[in-house]
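Input: a single structure, listed below in C-alpha cells.
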Amino acid sequence: MAIIEQVRPSVQQPAKFNRKKVRPSSILRGLGIALVIVVTAFPYLWMVLAALKTNVQISDTSKLFFFSPTLANFENVLETNNFGPYIFNSAFIAISSTVVSLLLGVPAAWAISRFKLASFNGIVLLARVVPAILLLVPWYYLFSRLEMVGGYSVLVLSHMFVGLPLVTWIMTGFFGTIPIELDEAGQIDGLTEFGCFWRISLPLAVPGMATAGILSVIFSWNNFLFSLILASEKTMTLPVALYQFMAYASTDWGGLMAAATIMTMPIIVFSLFAQKYVVGGLTAGATKG
Amino acid sequence: MTDLQDSQFDGSSQIQTSPISPPQSNGRSGTSNGGRLSRGDTKTLKRRRRNRLKWAMIAPAVIAILILIAFPIAYTINLSLTDTSGSASAGPAPYIGFSNFGEALSDMARFWPAVWRTAVFTAGALGIELLLGIAIALMLRKRFFGSGLVRTIMMIPLVTSPVAVAAIWMLMLDPNLGVANFLLSKIGIDPLGWLTNPSQAFPTLIMIDIWQWTPLVIIILLAGLAGLPEEPEEAALVDGATAWQRTRFVTLPLLRNTIVIAAVLRGIDALKTFDLIYATKGPGGGSSNEAETLNVYIYGLSFDYMEIGLASAILVIFFVLVLIAALGTLRQAMKEEL
C-alpha cells in the first residue's frame, strides 16, 4: 500500500545529467505544481482565516490576510449553537459503526478470500453502486414504524452501510495478499481453520484493518444524507448541524467557517497522522495486481 | 468477535466431541487427538467443519448487508408499484401497477431535466477530473523537493465533508464579499453571480466537484504509476522516444486499467452526488430547479412532498441506470482484477 513512497522510476534519472541548465519544461512543471498546491490548499486557508475574523472584517477586502484574529466565532459556535454535543454524536456514531463493521466484515472478508467465494464480492460491489437515497426511503419507513428514528442505534446501523462494504472490500483484498502457505503451515502444526484465522491471518491483517477502520471512520464522520433524515435534534451529527446553520444563519460567515473548521479539522489532523492508511484505503482495489 | 468465536466452537463440537479445544490452547494440544481418527473420517469432518466455518464467518456480514441493502431494494420496487404518499405511519397504499413509471417518464418539467442534469454533471465532472488527474499525476510522478507535502495536500479534500466544502465555496464565491469576485475585479472582469445565478450555478457546482475529487483520481493514478514496470519505458527511452511519445504510447497504455477503475469509482460517486448540491442549492436545486439532479429530485419527492410511490419508481429507474453504467465498465475492468 505504500508503494507510492518507494518506487522511483529509473527512467527519470537522465534528468540528473542536465541538472545545471534549467530547462523550460521544468520551470513549467514547477509552476504547474505550485498552481495545484495553491488551488487545493487555498480554500482551507480561507476557511481558517474567515473563522478568525469578525463578520465586518470578512466583508472588508482591504483586510484579506492581515487582521487582528478573534476566537469569538468558535465560542459562539460551541456555546450558542451547541456544537459540543454534535461533535460527540459524530465521533460516537463513526466509531461505533466502524467497530461493528470490523467485527462483521473482517471474518467475512477472510472467508471470501480463503474459500474463494468470489460471488460475494458482487454483493459488496453492489453496495458501492446503490444510491444511498434508495436505502433511505425504505429505512425511514421501517424505522419510523419501529419508532427508532432519531435514536443512536438507527444512525449506527445506517452508517454501517458505509462501513461494512468498505471493510469487507478492503479486507478481502488484504487477506488475498497474505500467503495461503502460512495458513497451511498453521494447519500442519495443528491449528483448526478458525485457529488459522485467529492466530495467523488476523495478526498479520492489522495494517489492513487499520486502513479499513480509518476510512470507515472518515466516511461515517462526513456522512450527511443518512443523518439528515434519521437523526433527531439530540443525535444530530456535525454535517447536518452545519447544514442547518447554513440555512438559518447564512450571513454569519465567521460562525459558519468556525463551524466548518470544527468539523473538518479533527478529521484532517487524524488523516495526516494516518496518511499511509488513508491513501492505501482510497486506492485499495484500484491498483490490485 | 467473541460471539462469533463461541458459536463457532459450539457448532463444531457437536460433530466431534473431544478433539476440538478452544482456540487458546488448540495451537499445540489439539493435534494428537485429531491424529487418532482414521483418514477418511478426518477428511469429511474437516470438510464439514470447513463449511460450517465458512458460513459462520460470512453469514453475519451477508445478513447485515442483505438487511441494509437487499431489503430496501425489494421494498423500493414494491413501493414503486403503489400509490403511497403521506407520512410513513400511514403505511403503503394499494398497488396501482406501473402508472408511477408512466408518470415519471412523461414528466418533461422535472424528471427529464433532472436526468439530463445528472448526465451532464457526471460527464462534465468525470471527464475534466480524468484529464486533469492524468496530467497532474504525470507531473507529480517524478520525485521533487516537497513531493510528499503535495501528496499530503492532495489527500485533504478527499477527507473533507462535502457540506463543509459547500460552505467554504459559498463564502469564496459570494457575489458581494467573496474572494473570487475580488480577484476577478483585479484583472478587470465583471463580478459573477456564481452559485446564486441560475445559469451559472450548475457549471459552478461542477467546478467545485472537480476541485474536491480530482485529487482522488490523482492519488489512484500515482499508486498505479508506482506499480508500473520500468523496463518498457527504459526501452522506449533507449529507442529515442521523446518524453511525450513515452507518455502517450508506453505509460498511458500501461496505466489503462488503473484509469478505467478510477473512472468507474469516480463516475459512480459523481452520479450519486447529493451533499454538495443540496447543501449549496437547498431543496429542489434552487428557486428555478436549476441544479436539480435525480438525487435531489428524489429526495424532495420523498421527504418534502412525501410522494413515496412516485419517488420509488424514479429510484428504480435511477438504480437501473447506475447499475448498467457501472456494470458495463466494471465488467471490462474487473476481468483482470478479480
Side-chain angles (χ1 to χ4, degrees), chain A residues 3-4 7-12 29 32 36-37 40-41 43 46-47 59 61 103-105 107-108 111 115 123 127 129-131 133-135 137-138 141 144 161 164 168 190-195 198 218 222 224-225 239 242-243 246 253 256 260 263-264 267-268 271 278-279 283 286-288, chain B residues 1 4 8 23 26-27 30-31 50 53-54 57-58 60-61 64-65 68-69 72 75-76 88 136 139 142-143 150 152-153 155-156 159-161 163-164 167-168 171-172 177 182 219-220 222-224 226-227 230 233-234 237 261 268 272 274-275 279 295 298-299 302 315 319 322-323 326 337:
Chain A
I3 344 166
I4 327 164
V7 183
R8 185 174 173 175
S10 58
V11 184
Q12 316 291 354
R29 179 166 173 259
V36 168
I37 296 178
T40 311
W46 205 245
M47 168 182 82
S59 53
T61 47
L103 286 181
L104 296 178
F115 304 119
I123 300 184
V129 175
V130 182
I133 192 161
L134 190 150
L135 312 175
V137 175
Y141 247 74
S144 59
F161 164 74
L164 185 54
T168 316
L191 282 180
T192 59
E193 288 213 52
F194 184 80
W198 187 248
I218 293 173
N222 288 342
F224 172 60
L225 184 55
L242 179 64
Y243 171 73
M246 284 161 77
W253 288 111
L256 271 175
M263 172 171 149
T264 53
I267 217 75
I268 290 176
S271 304
V278 176
V279 172
T283 56
T287 53
K288 246 196 303 174
Chain B
M1 195 55 64
L4 180 68
Q8 183 47 43
N26 67 359
T31 350
R50 214 179 136 93
L53 175 68
K54 183 158 76 180
M57 292 183 91
I58 276 198
I65 291 186
L68 287 173
I69 296 171
Y75 200 69
T76 301
I136 297 173
M139 192 166 78
K142 192 169 80 175
R143 290 264 148 179
V150 179
T152 305
I153 292 174
M155 179 190 68
I156 294 177
V159 299
T160 308
S161 152
V163 183
I168 299 169
L171 168 62
M172 297 207 310
L177 47 84
F182 173 74
I219 68 161
I220 289 179
L222 280 175
E230 299 178 11
E233 284 174 80
E234 278 167 4
L237 185 67
I261 295 170
I268 293 172
K272 299 192 292 184
F274 173 82
D275 302 8
N295 248 337
I298 294 168
Y299 181 88
S302 309
L315 269 174
F319 181 48
V322 177
L323 209 56
E337 293 301 312

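So you know, we letter chains A, B, ... as the sequences are listed, proteins then strands, and number each from 1. Keep in mind it's a predicted model, so treat the numbers as computed, not measured.
You'll find the side chain of B:L177 reaches within 4.5 Å of the side chain of A:W253, heavy atoms only. Side-chain contact between A:M47 and B:M172 is absent, with no heavy-atom pair separated by less than 4.5 Å.
The minimum heavy-atom distance between B:F319 and A:P131, with the atom names listed, is CD1-CD, 3.5 Å. In plain terms, the two heavy atoms of A:A108 and B:I58 that are nearest each other are O-CG1, 3.9 Å. Shortest non-hydrogen contact noted between A:L164 and B:A61 is CD2-O, 3.9 Å. Scanning both residues, B:A279 and A:M246, for their nearest heavy atoms gives O-CE, 3.4 Å. Heavy atoms only, all atoms of each residue included: B:K272 and A:V130 are closest at NZ-O, 3.3 Å. Scanning all heavy atoms of the two residues, the minimum distance from B:T160 to A:N222 falls at C-ND2, 3.6 Å.
If you measure heavy-atom distances from A:L135 to chain B, the contacts under 4.5 Å come from both the backbone and the side chain. Contacts of A:T40 with chain B are made by both backbone and side-chain atoms, with heavy-atom separations under 4.5 Å. Using a 4.5 Å cut-off between heavy atoms, B:F182 contacts chain A through its side chain alone, with no backbone atom that close. Using a 4.5 Å cut-off between heavy atoms, B:T152 touches chain A through backbone and side chain atoms alike. Looking at B:M139, both its backbone and its side chain come within 4.5 Å of chain A, counting heavy atoms on both sides. For a residue to count as touching a neighbouring chain, one of its non-hydrogen atoms must lie under 4.5 Å from one of that chain's; by this rule A:L134 touches chain B with backbone and side chain alike.
Put simply, of A:V137, A:L256, A:T264, A:V278, the one with the most heavy-atom pairs under 4.5 Å next to chain B is A:V137. Between chain A and the options B:I298, B:I156, B:N295, B:V322, the largest number of non-hydrogen pairs under 4.5 Å is found for B:I156. Most heavy-atom pairs under 4.5 Å with chain B, from the set A:I133, A:I268, A:I218: that is A:I133. The greatest number of non-hydrogen atom pairs below 4.5 Å with chain A, out of B:V159, B:I136, B:L315, is found for B:V159. Interface summary for chain B: among A:A41, A:G32, A:P43, A:A260, the most heavy-atom pairs under 4.5 angstrom belong to A:P43.
The distance from the CD1 atom of B:I69 to the CZ atom of A:F161 is 4.5 Å, given to the nearest 0.5 Å. Taken to the nearest 0.5 Å, the CG atom of A:L242 stands 7.0 Å off from the OG atom of B:S161.
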Checklist entry - How far apart are the C-alpha atoms of B:Y299 and A:L225, what are their side-chain angles, what is the distance that settles it, and do they pass the side chain to side chain contact (heavy atoms under 4.5 Å, CB included) test? => result CA-CA 10 Å; B:Y299 181 88; A:L225 184 55; 3.9 Å; yes
